[in-house]
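What follows is a short report on a single structure.
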Amino acid sequence: QVQLVESGGGLVQAGGSLRLSCAASGRTFSTYAMGWFRQAPGKEREFVAAITWSGGITYYADSVKGRFTISRDKAKNTAYLQMNSLKPEDTAVYYCAANRRGYGFTRTESYDDWGQGTQVTVSS
């Protein structure tokens, strides 16, 4: 099991940027794919971005493609989500998650471990 702790959320104006971090504990972090999801009030949790264990392949939701970038630093056991050109519709609680299976990166049910979430609020 991997324990995940998100940070970096906050309040930002539309057009601004934030960088979320996801610190992981556990020696097997480097073998997991990592994903970011978000959940807005009254809505289901949705996929945002994912990165394979090697960091060589990334996946993005259409709504964030070209604005968000996912990355990982294995030496620091940390995954990141750089969010640029933020919009009010990006407002949500953002969660990072670890995927041990190596597939299903866009589906919540494919992830085994979740962080507690960090709030991102984008004002217009």
Side-chain angles (χ1 to χ4, degrees):
Q1 186 176 0
V2 176
Q3 293 187 335
L4 306 171
V5 179
E6 302 96 334
S7 61
L11 173 64
V12 64
Q13 289 188 332
S17 298
L18 282 174
R19 187 195 197 198
L20 305 183
S21 298
C22 174
S25 63
R27 293 180 293 175
T28 55
F29 168 75
S30 62
T31 65
Y32 294 179
M34 296 298 297
W36 286 95
F37 291 76
R38 66 187 181 186
Q39 188 166 18
K43 295 187 176 181
E44 292 190 354
R45 192 168 298 188
E46 65 175 4
F47 169 74
V48 175
I51 187 167
T52 56
W53 70 269
S54 66
I57 302 175
T58 56
Y59 304 84
Y60 295 96
D62 288 342
S63 59
V64 306
K65 203 170 293 183
R67 299 188 297 123
F68 291 10
T69 302
I70 188 171
S71 62
R72 68 189 301 165
D73 185 333
K74 291 183 182 180
K76 296 183 178 179
N77 273 9
T78 302
Y80 303 96
L81 186 68
Q82 177 67 44
M83 306 185 296
N84 298 328
S85 303
L86 283 161
K87 304 176 181 179
E89 51 264 43
D90 294 319
T91 295
V93 177
Y94 283 70
Y95 300 88
C96 69
N99 175 307
R100 307 175 203 167
R101 306 165 200 215
Y103 61 87
F105 301 124
T106 65
R107 302 196 300 268
T108 57
E109 60 268 28
S110 297
Y111 287 78
D112 306 285
D113 303 292
W114 292 82
Q116 83 290 347
T118 185
Q119 176 71 46
V120 172
T121 303
V122 184
S123 63
S124 57

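Start at 1 with the first residue, then count along the sequence.
- Put simply, CD on Gln82 and CG on Leu18 are 8.5 Å apart, with the number rounded to the nearest 0.5 Å.
- With rounding to the nearest 0.5 Å, the separation of CG in Leu86 from CZ in Phe68 is 5.0 Å.
- No cation-pi contact links Arg38 to Tyr95, judged by a cut-off of 6.0 Å to the six-membered ring centre and 45° from its axis.
- Ion pairing between a basic and an acidic side chain is recognised when a charged N comes within 4.0 Å of a carboxylate O; Asp90 and Lys87 show no such pairing.
- Distance check: Trp36 CH2 to Met83 CE gives 8.0 Å after rounding to the nearest 0.5 Å.
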Fill in: Full working for ring-ring contact (aromatic ring centres under 6.0 Å, His included) between Phe37 and Tyr111
CA-CA 11 Å; Phe37 291 76; Tyr111 287 78; 5.0 Å; yes
Fill in: Audit row: Val5, Gln116, side-chain contact (heavy atoms from CB on, under 4.5 Å) steps and yes/no
CA-CA 7 Å; Val5 179; Gln116 83 290 347; 4.2 Å; yes
Worksheet entry | side-chain contact (heavy atoms from CB on, under 4.5 Å) between Thr121 and Val12, worked out | CA-CA 6 Å; Thr121 303; Val12 64; over 6 Å; no
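- Residues Trp114 and Arg45 meet the side-chain proximity criterion, which asks for heavy atoms closer than 4.5 Å.
- Put simply, the side chain of Arg67 gets close to the backbone of Ser63: a donor and an acceptor are under 3.5 Å apart.
- Taking the ring centre of Tyr80 as origin, the terminal cationic atom of Arg19 falls inside the region bounded by 6.0 Å and 45° from the ring axis.
- In this structure, Arg72 forms no cation-pi arrangement with Trp53, as its terminal cationic atom is not both closer than 6.0 Å to the ring centre and no more than 45° off the ring axis.
- Of the possible donor and acceptor atoms, none in the side chain of Thr118 sits under 3.5 Å from a partner among the backbone N and O of Tyr94.
- Between Leu20 and Val120 there is a side-chain heavy-atom pair separated by less than 4.5 Å.
- Note: Thr69 OG1 to Asn84 CG = 6.5 Å, rounded to the nearest 0.5 Å.
- A donor and an acceptor atom, one from each side chain of Ser110 and Asn99, are nowhere located under 3.5 Å apart.
- Within 6.0 Å of the NZ atom in Lys76, the count of heavy atoms belonging to other residues, nucleotides or ligands does not exceed 12.
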Item to complete: Assess whether side-chain contact (heavy atoms from CB on, under 4.5 Å) is satisfied between Thr108 and Glu46, documenting all intermediate values.
Response: CA-CA 8 Å; Thr108 57; Glu46 65 175 4; over 6 Å; no
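- The two residues Gln119 and Val93 have their closest heavy-atom pair at OE1-CG2, 3.2 Å.
- Heavy-atom neighbours of Gln3 CD from other residues, nucleotides or ligands within 6.0 Å: at or below the threshold of 12.
- Counting heavy atoms from C-beta on, the side chains of Thr31 and Arg100 never come closer than 4.5 Å.
- Among all heavy-atom pairs drawn from Ala49 and Leu81, the shortest one is CB-CD1, 4.1 Å.
- Here the closest non-hydrogen pair linking Thr78 and Ser21 is CG2-CB, 4.2 Å.
- Once rounded to the nearest 0.5 Å, the distance linking CD1 of Ile57 with OG1 of Thr52 reads 5.0 Å.
- Lys43 NZ: 12 or fewer foreign heavy atoms inside a 6.0 Å radius.
- Using a 4.5 Å heavy-atom threshold, the side chains of Ile51 and Tyr59 count as separate.
- Heavy-atom minimum distance, Ala24 versus Leu4: CB-CD2, 3.6 Å.
- Across all non-hydrogen atoms, the minimal contact from Met34 to Cys22 is CE-SG, 4.0 Å.
- Between Ser124 atom OG and Glu89 atom CD the span is 10.0 Å, to the nearest 0.5 Å.
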